[in-house]
Each structure stands twice: as structure tokens, then as C-alpha cells.
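Here the structure comes first, spelled out in C-alpha cells, and everything after it is commentary.
When a residue number appears, it is its place in the shown sequence, counting from 1.
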Amino acid sequence: MVAGTPTNAASQPAAAGASHTQRVELASAVIRFAGDSGDGMQLAGSQFTDTSAIAGNDVATLPDFPAEIRAPAGTVPGVSGFQINFSSQDIHTPGDEVNALIAMNPAAFKAHIQDVQNGGVVVVNDSEFDKVNLRKAGYPEGYNPLDDSKYQDRYKIYRVPISRLNDESLAGSGMTAKDTGRCKNMWALGLIYFLYDRSLDTTIKYLDDYFGKKKKLPQVAEANIKALKAGYYFGETAEIFPVRYHVGRAPVSPGTYRKVTGNEATAMGLVTASKLSGKTLIYCTYPITPASDILHDLATMRHMGVKTFQAEDEIAAVCAAIGVAFAGQLAVTGTSGPGLALKSEAIGLAVMTELPLVVIDVQRGGPSTGLPTKTEQSDLLQAMFGRNGDCPVIVLAAQSPADCFNAAIEAVRLAFKHMAPVLLLTDGYIANGSEPWKVPDASSFEKIPVSHPTDAASFKPYQRDEHLARPWAIPGTPGLEHRIGGLEKADITGAVSYDPANHHRMTELRAAKIVKVVDDVPPAQVYGPEQGDLLVVGWGGTYGSIRTAVERAQHEGRSVAGLHMRHLNPMPANLGQVFRRYKKVLVPELNTGQLRMLLRARYLIDARGLNKIYGKPFLVEEIHYAIEHMLSGQWGDRESIPPQPHALEASAPAQELHTGG
């Protein structure tokens with residue numbers, strides 16, 4: 001039975017109370033909780049993640065939410081999942097194959113079984129595999145997949161009546177049957193804590209603090225703790241698992257660590273930028289998946305001087321943020337792809353008025369409503385060009401959940417220094433995913449300088465400094481009154497101008513200002529050989545999968561290096577020189593090839609693409625396959641290929657389609 005990546009350590013006898021169980025040391029393990037959207041899978045997964053992080057593991061997570069607010073219970077569209085990769089080594093992804101699946105109903109089994117490795121552990125809530133739920137999941141009448149030899153031969157399936165055992169453990173608690181059923185996620189979590197040798201302490205403290213103290217519901221806290229322990233003790237006494245697993249501590253540098261999601265890190269980064277600049281953070285937004293948690297987090301930080309404004313729509317939100325920038329404070333608006341489209345005209349206003357505005361786009365599957373809860377990287381061209389006229393903005397992209405913190409600070413720094421809008425791209429994967437984050441020393445940050453003119457005699461609204469940035473005048477400053485708005489401005493004076501030559505000059509100045517931002521962009525650096533056969537280029541949330549695949553190829557002796565781009569407009573000054581040092585360039589993206597198109601056009605390189613639009617992040621094996629395919633000469637004349645993983649065999653077959661790229 002395989003339930004993770006084994007180490008070279010020998011198996012050890014289990015502790016007293018589980019005398020017939022062997023303990024096996026693993027380097028890492030990937031588990032996935034899956035059930036109905038009301039089964040508490042996100043809580044179970046997040047608690048397992050917290051416990052593993054406190055145990056010293058490196059962790060990476062992949063929450064998977066249904067798109068429907070409340071799909072019919074027991075159906076595949078309503079399945080919610082949470083995947084955790086926990087390791088004794090440094091990791092960058094939530095894992096490719098699932099070593100252990102916890103399926104709370106037939107729909108969860110059907111939705112996720114194809115992702116489990118051969119020989120993997122599958123714990124099913126046998127109580128829910130009745131005729132009604134099997135029918136809801138879309139199985140044929142009279143068929144139960146748990147009785148199918150196809151699955152019995154491939155996986156180690158444990159049929160545990162979780163719902164019944166949970167109810168029995170809470171008999172006499174005085175709770176209703178409905179409330180008792182809500183505790184079954186904790187029962188399942190306790191069982192998996194036993195299987196992977198995890199402590200119950202962290203979750204017990206959470207339940208006591210959250211339900212017992214914060215919510216003033218001690219009975220609920222007690223019931224959940226009792227269910228958690230019951231699941232653990234069942235694993236210990238039932239002796240159904242012949243093997244128990246343990247993942248040791250990962251080597252980490254000394255410091256204080258916490259688990260952080262991308263949206264949490266973005267919120268903290270914005271607050272930090274506010275303190276570094278001495279400006280009040282005013283976050284203006286309209287709720288939209290998957291960006292809403294930034295608003296939720298910032299709304300709790302009023303004690304840090306943060307102000308939040310929930311507008312009636314996307315347009316009102318960005319216009320309010322422009323007003324904040326005009327008033328001289330830190331203006332931020334957040335959204336996802338559909339909202340960015342609605343904000344486009346107002347972002348053009350910020351470009352014309354040359355005000356520092358930060359726009360956060362947490363990308364999701366599109367177009368239109370698309371896949372609201374799934375990840376994608378399809379907003380890059382919209383960020384670059386999605387406004388009328390020649391309307392350039394600074395574009396950055398965060399690469400991981402923790403990196404969202406630094407990316408948010410940099411976005412503010414560049415907006416203030418260059419008096420220009422900045423679009424910060426994250427995505428649903430890193431926004432909702434989590435990883436350990438070393439809390440930085442507050443004294444290590446550089447201040448963000450901000451200045452405002454006060455001398456009326458020398459003030460000119462569009463007179464530029466060495467960065468081509470215009471002065472940021474605070475409204476109400478005596479003698480600094482000036483025209484502002486969407487009409488073209490006269491150079492230096494800022495008066496409304498319809499002069500053709502002036503419009504030409506101002507268009508070029510606005511473009512040149514963004515180009516000049518390259519002076520603040522660090523040179524592009526590769527990981528791997530400085531020259532070679534292949535360079536794999538990525539941006540945004542693909543970082544972890546690309547890096548892991550590149551390092552795997554390097555360990556196999558391949559001449560391959562990786563390059564991950566944070567700065568997308570402008571791009572690093574030395575990027576063209578870097579490309580020329582490699583024979584081939586591969587660009588994996590969760591879109592149809594948007595960065596690849598920009599690189600081919602700008603640098604005239606024969607970049608090839610690996611493009612996936614499944615609403616899921618790349619698997620490491622998908623990128624590793626593309627690397628092998630390219631180095632072996634099997635790629636041919638194709639500009640791009642779709643992913644070729646085993647995991648896609650159960651869904652639509654990969655087909656090569658002409659997408660115009």
C-alpha cells in the first residue's frame with residue numbers, strides 16, 4: 001500500500017494501542033478531502049494543514065470549490081475538495097497524484113478517484129453509498145463502484161461507516177440529528193490524523209477557541225472535539241490499517257512562521273505598504289470570486305487605519321478608488337476578470353490623470369462568468385491592452401501565496417514613484433492556496449517615499465521629474481488648483497488641449513513613463529545553467545509546477561533552466577539577452593498562449609507553448625513531459641501542445657486545436 005513518497009528509513013513498530021500496525025516514514029504525502037459542499041471539507045483540510053505546519057512540515061494546498069453557490073446535495077457539481085501536500089523537504093506544489101482520498105459520498109468518489117495513484121488509500125464514508133446517493137452521483141441503477149473490481153484492484157479501499165459512527169459517538173449529546181451530522185468532518189479528520197500520525201492538539205484548541213469562546217457555543221465545540229477523538233480512536237482500535245505513516249520535519253531557517261493564503265498575504269502586503277508610505281489604505285471594491293477574501297481580511301484591520309468601501313458595482317468601486325488617489329491616499333481596488341473588464345474605462349481615466357492606482361486582479365476561468373471558482377491565467381492581454389486608446393499601465397504578477405505579500409508592496413511602491421496605475425495579477429490557485437510564510441522583520445523594509453508639492457509659484461500640474469512622473473498635488477493646497485479629468489491635457493500646464501501635436505507628445509510621454517519603469521525592474525535571473533538547450537519561462541501561479549519540473553529534469557542531467565517573470569510590463573531590460581543563450585524556449589501557461597505571443601512579437605524568438613485551460617493548475621508531470629518532448633525533437637513545427645497527463649484520461653481527450661497563436 002502506497003500513501004506517499006517513501007524515504008529510505010525502515011518501517012517501525014507502532015506505539016502501544018496499535019500493535020498490529022507498522023509505521024512507515026515518508027518524505028511527503030498528498031491527501032485530499034472531498035465531499036458535499038456542506039460537509040466541511042475546507043475546514044477539515046485547513047485544520048490538517050495547520051497541524052502539519054505546526055509539526056514542522058512544508059505544506060502546499062489546493063482548495064477546490066464548486067462553482068454553484070449551493071448545488072444539489074450529493075451531486076458531482078456540488079463536490080468540494082481540499083488537497084494538501086505535506087513534506088519533510090522543500091516543496092512548491094500541492095502535488096500531482098493523490099496518495100490518500102477521503103470521499104464522504106459517491107459524488108466525491110466519482111469526482112476525484114481518477115486522481116488517486118495506483119495502490120493509493122481511499123477512505124470512503126460507506127454510510128452514504130446507498131441507492132439514493134449513488135443515483136444522485138450519476139451511477140447506473142444497481143451499480144456501486146465500491147464493489148467494482150476495477151477499483152478494488154487498483155486502490156486500497158477502506159469502507160468506513162463514518163456517518164453512523166459519528167452519530168453513535170455523539171449519542172446523548174442533546175444535539176439534533178442535523179447538528180450531529182455536521183460533525184462528521186471532524187470524525188473523518190480524526191481518522192486521518194491517526195493514519196498519518198498527527199496530533200489532535202491544534203484542532204482541539206481551534207474548536208475550543210472558535211466555537212467555545214468566540215461563538216459562545218461550548219456544546220458545539222465539545223461535540224466536534226468528541227467526534228474528532230472518536231475518529232482517531234477508531235483508527236487506533238479497529239486495526240483496519242496495516243500501515244501508519246509519518247512525515248518528518250522539513251529543514252527551515254530560524255524564524256517565526258505562519259500559514260498564509262495568497263489573498264491574506266495580499267491584504268497584509270497592502271497594509272504594510274500603507275505603513276511604509278504613511279498613507280491611509282482605502283480599499284474600494286465590489287465582491288467577486290475569488291477576490292472577495294481580500295475585502296474580508298482588510299475589513300478586520302480598522303485598528304491598523306484601514307478603510308474599506310463596498311461599492312454598488314465594479315465601476316463605482318474603481319471610480320471611488322481614483323477619488324482616493326486624487327485625495328492623496330493609498331487607493332486600491334480589487335476584482336477578477338469580469339470586473340476588470342468593467343473597470344477598463346475608469347483605469348483609462350487613471351492613466352490620463354496620471355494618478356497612482358493599484359488594481360488587483362485575482363484571475364479565474366473565463367470568458368464572461370466562465371468558471372468562477374477555478375483558476376486561469378487568461379487576463380494578461382486584458383491587463384496589457386484592455387482599454388481604449390494607447391493606455392499603458394504597469395503590470396506585475398505574484399508567483400505563490402506568500403509572494404503576494406511582497407508583490408503588493410512593490411505594486412504600491414511603483415505606483416507612487418511613477419504616478420501610474422499598477423495592475424497586480426494573482427489567480428484563484430494562489431489566492432486560495434496556502435503555504436508557510438516566514439514573518440519578515442518589520443525593520444527590514446525600506447520606506448516608500450511620497451512627496452506632495454506645496455510651492456504655488458513653481459507648481460505645474462504636468463511638469464515631470466526624472467522618472468517622467470508628474471507632481472501629486474493634494475486638493476485644497478493653496479495655489480495648486482488645476483484641471484483634472486479624462487480630456488487630453490496640455491503638456492506641463494495641464495489645461496484641456498485638442499492640439500494634435502500635443503496629443504501626440506502626451507501619448508508618447510505616458511508610454512515613455514511606463515517604459516522608464518524598467519530602471520526599477522531587477523534583471524531577469526534564471527535557475528539552472530546560464531546557457532543551454534532549453535529555457536522554460538513562466539509567470540504567475542505556474543511557478544511551483546515549473547520549478548519542480550525543471551529541477552527534476554536537471555537532476556536527470558538535462559540542459560534546462562527556468563525563468564519566472566514578475567514584471568510583465570515593462571519586462572526586464574536583459575530579457576532578450578537571456579533568451580539568446582538558449583537553443584529553445586518553452587512557455588507553459590494556463591491560457592492559450594498570451595505571454596508566448598508577447599515574447600514572440602517583442603523578441604522575435606521561436607517560443608513554444610504548453611497550454612492548459614482546465615480550471616486547474618499544472619501538474620509537474622505535464623511540464624516535465626513537455627520538457628522531454630521538446631528536448632527529444634518530437635515537438636515538430638507545432639507552436640503549442642496541450643497537456644498530456646494520465647490524469648486527463650478520465651475526462652476529455654487532449655486534442656490539438658488551432659487557436660490562432
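A salt bridge is defined here as a Lys NZ or Arg NE, NH1 or NH2 lying under 4.0 Å from an Asp or Glu carboxylate O, and Lys226 with Glu222 fails to meet this definition. Using a cutoff of 4.0 Å between basic side-chain nitrogens and carboxylate oxygens, Arg164 and Asp167 are not scored as salt-bridged. Using a 4.0 Å cut-off between a side-chain N of Lys or Arg and a carboxylate O of Asp or Glu, Lys374 and Asp64 qualify as a salt bridge. Contact check on Lys616 versus Glu622 returns no salt bridge, with no Lys/Arg side-chain nitrogen under 4.0 Å from an Asp/Glu carboxylate oxygen.
In this view, Asp379 satisfies the salt bridge (Lys or Arg N to Asp or Glu O under 4.0 Å) rule with no residue, not counting sequence neighbours. For Arg547, the side-chain contact (heavy atoms from CB on, under 4.5 Å) test picks out His92, Tyr527, Tyr543, Glu551, with sequence neighbours left out.
Asn105 is listed as a side-chain neighbour of Asp39, based on a closest heavy-atom distance under 4.5 Å. A 4.5 Å side-chain heavy-atom check between His296 and Asn263 finds every atom pair outside the cut-off.
Ring orientation note: the planes of Tyr206 and Phe211 are nearly perpendicular, at an angle over 60° on the 30°/60° scale. In this pair, Tyr143 and Tyr139 present their aromatic rings tilted. The plane angle is within the 30 to 60° band. In this pair, Tyr193 and Phe48 present their aromatic rings parallel. The plane angle is below 30°, not in the 30 to 60° band.
Inspection of the Gln89 and Asp58 side chains reveals no N or O donor paired with an N or O acceptor under 3.5 Å. Side-chain N/O atoms of Ser163 and Glu128 include a donor and acceptor closer than 3.5 Å.
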